[in-house]
Amino acid sequence: MTTAAAVLARCDALAACSDRPDHLDRAHLTPALAAAHGLVEGWMTAAGLRTWRDQAGNLCGRAEGREPGLPALLLGSHLDTVPDAGRYDGMLGVLMAVAVAERLRDEVATWPCALEVVGFTDEEGARFGTALLGSRALAGTWDDAWWALRDADGTTLAQAARDFGLDPALIGTAARRPTDLVAYLEAHIEQGPLLEEADRSLGVVTSIAGAQRFRVEVVGEARHAGGTPYPRRRDALAGAAEAVLLVERTARARGTVATVGQLHVEPGAVNVIPGRVVLSVDLRAATDDARDATRRELLAGLEGLCAARGLSMTVTDLYEAPATTCAGWLRDALRAGVVASGDDEPMDVWSPAGHDGMAVTAVTDVGMLFVRCHDGISHHPDEAVRERDVAAGLDAFTTAVRDVAHRVAARTAPGGARPGVRA
């Protein structure tokens, strides 16, 4: 049986699969991803799974239920990373899923569903700028326009896929139908400090953030920094500076999360009053209603401060993803798993970070288990987890997967719902 120590050792081994020698950087359709696939495929095979790589680049493994071809309970996470990454974001979830499949290999043959593990590719979007490519392909929401995306070297996504041994014309074969799956469960590091602050090993995810990204252009007038008195100034950067603080203040008051990550100042000379500033806003909330209410209040405030300073403002939407609510029956199964691991009062948490479940929810119900990570640090080499937390996570995830199989059995009994239909 694969232990928590073995899972962590496998995370270390995967961390050596990098496109750069000095830090962990494993992007979509790169040699490092192929090397990672080689390792994980070996571990999947040892766990009793039949393996294949789909035409999106996702690595898949399957154990049949009591008869071939039954809908599958899908477990997984992603194998790609951000640049200069830690070694647990995504990877821990894939390797925990493989370990759970190994623990349950003798039981699965009696189940009314198959068990599958997936290592998604390109959850992060680091190479081509569009995230969730692997899980969107699996969910059947692929957009062929993405084939024209280019990386920093000018390579198109279509060419990178061909170089990786994939056929873009066959991308549709990666898609699953609702009747192909009974549910999707993912274990993942929290990427936040709530579990550590509560001294809990595990948390049950209630929802994945509804996110928006938009650009705010603030326009004033560029003039001489020495010769223009304050009453005559229309300083776009001074207004943008107020805007940054307003973004933070508004989100904190509403219990949401908003970040200004980029500022572009023009003309950018030391002796010229800035005439134009473009700033980015990343807005996230547990629900779409909370996100949208924050946006309305924020934009009203931005309009007011621009008017007071004699500035104009333009807002351009860049990205939107609806909040993903984790299915109640899967949350119940995960809570039962956390209780079985020794925590009598499972902690509910929402995820401000995005995950593959945001895409998979288009085709089946989604549930997530969070594992505590040190100081909430993620997307950084200092990512760290404790062996005892991973051990608790393996126990909880195993129990939850078994519980889901039992619930599927009840649903498929005479008078129950058909498999593959949402609860």
Side-chain angles (χ1 to χ4, degrees), residues 1-20 24-64 72-82 85-105 108 114-124 126-127 132-135 137-138 160-161 164-166 174 176 184-189 355-357 360 369 371 383 385 390 393-394 397-398 401:
M1 181 175 71
T2 301
T3 64
V7 167
L8 294 176
R10 289 175 175 180
C11 287
D12 291 340
L14 277 182
C17 301
S18 176
D19 292 307
R20 298 181 182 275
L24 176 53
D25 187 347
R26 186 165 60 243
H28 186 38
L29 304 179
T30 62
L33 183 66
H37 279 185
L39 289 178
V40 178
E41 184 174 16
W43 296 324
M44 285 182 170
T45 300
L49 301 173
R50 174 179 61 85
T51 64
W52 72 97
R53 188 174 65 191
D54 70 22
Q55 291 297 324
N58 299 313
L59 180 64
C60 308
R62 179 179 171 102
E64 298 292 348
L73 169 56
L74 183 64
L75 315 178
S77 191
H78 61 96
L79 291 171
D80 67 313
T81 74
V82 297
R87 61 188 60 197
Y88 303 110
D89 174 12
M91 288 167 280
L92 180 67
V94 175
L95 298 180
M96 285 178 62
V98 173
V100 167
E102 182 187 32
R103 291 183 177 199
L104 296 172
R105 64 189 301 173
V108 175
L115 183 66
E116 289 190 16
V117 175
V118 59
F120 285 118
T121 185
D122 205 49
E123 189 262 8
E124 301 288 4
R127 183 176 180 186
L132 306 175
L133 289 180
S135 46
L138 181 140
F164 201 71
L166 307 176
R176 309 296 181 87
Y184 171 70
L185 291 177
E186 179 171 356
H188 203 284
I189 60 171
H355 299 284
D356 286 300
V360 180
L369 179 74
V371 179
E383 273 181 2
V385 295
V390 175
L394 285 172
F397 210 43
T398 302
V401 169

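Scope of the values below: all heavy atoms of this structure, side chains included, with no hydrogens, waters or symmetry mates.
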Euclidean distance, [Y] [atom2] relative to [X] [atom1], rounded to 0.5 Å:
X    : Y    : atom1 : atom2 : result
R127 : T121 : CZ    : OG1   : 10.0 Å
C17  : L79  : SG    : CG    : 9.5 Å
E124 : D356 : CD    : CG    : 9.0 Å
W43  : L49  : CH2   : CG    : 14.0 Å
T30  : D19  : OG1   : CG    : 3.5 Å
R103 : M1   : CZ    : CE    : 4.5 Å

Compare every heavy atom of [Y] with every heavy atom of [X], then report the nearest pair and how far apart it is.
X    : Y    : result
A32  : S18  : CB-C, 3.4 Å
A99  : V7   : CB-CG2, 4.0 Å
V385 : V390 : CG2-CG2, 3.9 Å
V98  : A47  : O-CB, 3.8 Å
A46  : R105 : O-NH1, 3.0 Å
E383 : Y88  : OE1-N, 3.0 Å

Would you indicate whether the side-chain heavy atoms of [Y] and [X] approach each other to under 4.5 Å?
X    : Y    : result
R53  : F164 : yes
L104 : T398 : yes
M96  : L394 : yes
L14  : R87  : no

Could you pull out all residues at least two apart from H355 that satisfy ring-ring contact (aromatic ring centres under 6.0 Å, His included)?
->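 Applying ring-ring contact (aromatic ring centres under 6.0 Å, His included) to H355 gives H188, F370.
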Side chain to side chain contact (heavy atoms under 4.5 Å, CB included) partner of L59, the single match among D54, V118, V40, V94 =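 Only one of D54, V118, V40, V94 forms a side chain to side chain contact (heavy atoms under 4.5 Å, CB included) with L59, namely V40.
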Sole residue of L115, V117, V108 in side chain to side chain contact (heavy atoms under 4.5 Å, CB included) with L73 |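 By the side chain to side chain contact (heavy atoms under 4.5 Å, CB included) criterion, L73 pairs with just one of L115, V117, V108: L115.
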How about R20: does its CZ atom have over 12 heavy atoms from other parts shown lying under 6.0 Å from it?
->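 No, CZ of R20 has 12 or fewer neighbouring heavy atoms, counting only those of other groups under 6.0 Å.
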